[in-house]
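Let me begin by presenting the structure, written as structure tokens, before commenting on it.
As the structure is a prediction and not an experimental result, all values here were calculated from the model. All chains are named by letter (A, B, ...) in the order of the sequence lines, taking the proteins before the strands, and each is independently numbered beginning at 1.
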Amino acid sequence: MEFRIQTTALLPEEDRHALEAPSCGGYVSFEGWVRDHNEGQQVLKLEYQAYEQLATREGTRILDEAAARFPIENAVCVHRVGELEIGDLAVWVGVSSGHRDEAFRACRFIIDEVKQRVPIWKKEYYVSGDSGWVNCEACATPGHSHG
Amino acid sequence: MEFRIQTTALLPEEDRHALEAPSCGGYVSFEGWVRDHNEGQQVLKLEYQAYEQLATREGTRILDEAAARFPIENAVCVHRVGELEIGDLAVWVGVSSGHRDEAFRACRFIIDEVKQRVPIWKKEYYVSGDSGWVNCEACATPGHSHG
Amino acid sequence: MKTLAIEYFAIFRDHAGTDKETLHTEADTPADLFAELSVRHGFPELQTVKVAINDEFGDWNTQLNEGDSVVFIPPVAGG
Amino acid sequence: MKTLAIEYFAIFRDHAGTDKETLHTEADTPADLFAELSVRHGFPELQTVKVAINDEFGDWNTQLNEGDSVVFIPPVAGG
């Protein structure tokens with residue numbers, strides 16, 4: 001079980017080895033790629049920032065929760081930060097288990113929770129020349145609450 | 001969209017490239033590994049056989065159905081046949097799409113349908129010395145129907 | 001009498017002792033043919049068997065024609 | 001007066017113009033501190049902001065202590 005933030009290119013082929021076990025019949029992986037568009041805007045590139053200490057803690061908690069919920073063998077998640085180009089791999093999740101059902105469910109659970117809970121931020125740079133922090137620019141409202 | 005049967009080792013890293021597209025933000029893959037046990041028996045190795053012409057047709061139909069059901073970009077499935085050892089990769093499914101939800105759903109749909117519909121068979125060789133065709137030995141019943 | 005090309009897979013191949021044979025038979029349908037071959041090769045009784053005619057899934061009661069290729073499909077187990 | 005270590009990320013970093021600063025403040029709670037810094041740096045109004053104290057999620061109304069490190073967490077967008 002490992003959650004990691006790194007600035008260099010992700011190498012799923014290498015991290016996958018940690019998941020192999022003779023008792024495992026199923027392996028499911030998710031890769032998040034940098035897409036050339038988002039919500040109607042043409043995207044040029046992305047910048048990811050992470051609050052590394054807390055991101056690693058919260059990411060590890062998510063993997064532990066996945067292992068408690070689903071009878072999986074192992075799970076690893078690696079998130080890249082820094083400047084990424086279109087097509088680059090931003091996040092990788094790999095899960096191995098005896099049977100496929102739990103590998104699918106755990107992999108989905110992990111990426112969903114990572115996107116919701118782990119302190120990592122994404123700034124999109126658009127073809128138009130604009131840029132913005134995803135979920136921060138659009139959701140700015142006058143009557144806000146931070147409580 | 002490609003379904004393929006092959007006798008040589010699967011190389012997901014290579015087949016993955018066919019799925020890459022700048023419009024894709026999500027990629028989900030499933031790998032079926034040869035497990036060291038099944039239904040209480042210790043497995044030594046496996047032998048897969050395929051009825052290649054019909055397997056390729058039916059597999060391709062499944063990929064087409066997945067693309068009709070889910071808004072995915074692309075999907076590939078490769079199944080290996082012949083003698084496989086514990087830990088070997090028997091089947092790989094890769095799906096790319098704009099968002100992750102459809103990639104997860106389509107990948108799951110494809111592997112579930114492949115296991116149910118594609119004429120591929122698996123013979124397990126056990127540590128005990130026994131061997132048997134999965135789903136064929138156990139389900140043999142006196143009052144059968146082949147209609 | 002017609003001539004058919006039969007191909008065997010998995011448990012049927014093990015029982016037939018061959019992967020294919022050319023057969024001269026009076027069988028009109030895949031159901032007839034399967035009954036004939038079950039006796040000859042001692043096929044086990046299986047819960048569901050499907051049939052393919054000329055490399056496409058077919059019906060047990062369809063009319064077989066001269067030169068057809070026939071494959072009996074025991075329960076599959078890919079993945 | 002206490003001394004706190006503040007680290008900024010994402011949109012708060014852009015507005016603060018720095019990734020960290022050491023602050024002498026009268027603020028008793030993260031809520032007080034956020035109000036103070038929002039004025040000073042002109043933070044945008046965001047739907048939900050969380051706070052971390054000493055690298056763990058914390059409460060807006062907890063008592064801040066001398067030497068605490070504080071991070072305000074705008075809406076996340078990993079993946």
Assign the ring pair His41(D) / Tyr8(D) to parallel, tilted or perpendicular, where the plane angle (0 to 90°) is split at 30° and 60°.
perpendicular

Most contacts with chain D, counted as non-hydrogen pairs under 4.5 angstrom, among Ala55(A), Ala90(A), Ala50(A):
Ala50(A)

Turns out that what part of Asp19(D) lies under 4.5 Å from chain A's heavy atoms comes down to neither

Measure distances from Tyr51(A) to the heavy atoms of chain D and classify the residue's part below 4.5 Å as side chain, backbone, both or neither.
both

Under the 6.0 Å and 45° cation-pi test, does Lys122(A) pair with Tyr48(A)?
no

Heavy-atom contact with chain A under 4.5 Å, split by part of Asn61(D)
neither

Please tell me if the side chains of Val93(A) and Ser29(A) come closer than 4.5 Å, counting only heavy atoms from C-beta onward.
no

If we ignore angles and hydrogens, is there a donor and acceptor under 3.5 Å between the side chains of Asn38(A) and Tyr126(A)?
no

Contact leader toward chain D among Arg80(A), Arg117(A), Glu47(A), Glu58(A), where contacts are heavy-atom pairs under 4.5 Å
Glu58(A)

Measure Val118(A) against the heavy atoms of chain D and call it side chain, backbone, both or neither at under 4.5 Å.
backbone

Please say whether more than 12 non-hydrogen atoms of neighbouring residues, nucleotides or ligands are located less than 6.0 Å from NZ in Lys20(D).
no

Where on Arg35(A) is there a heavy atom nearer than 4.5 Å to chain D: the side chain, the backbone, both, or neither?
neither

Short side-chain to backbone donor-acceptor contact, Asp28(D) and Gln63(D), under 3.5 Å:
no

Looking at Gly32(A), Gly132(A), Pro119(A), which one has more heavy-atom pairs under 4.5 Å with chain D than the rest?
Pro119(A)

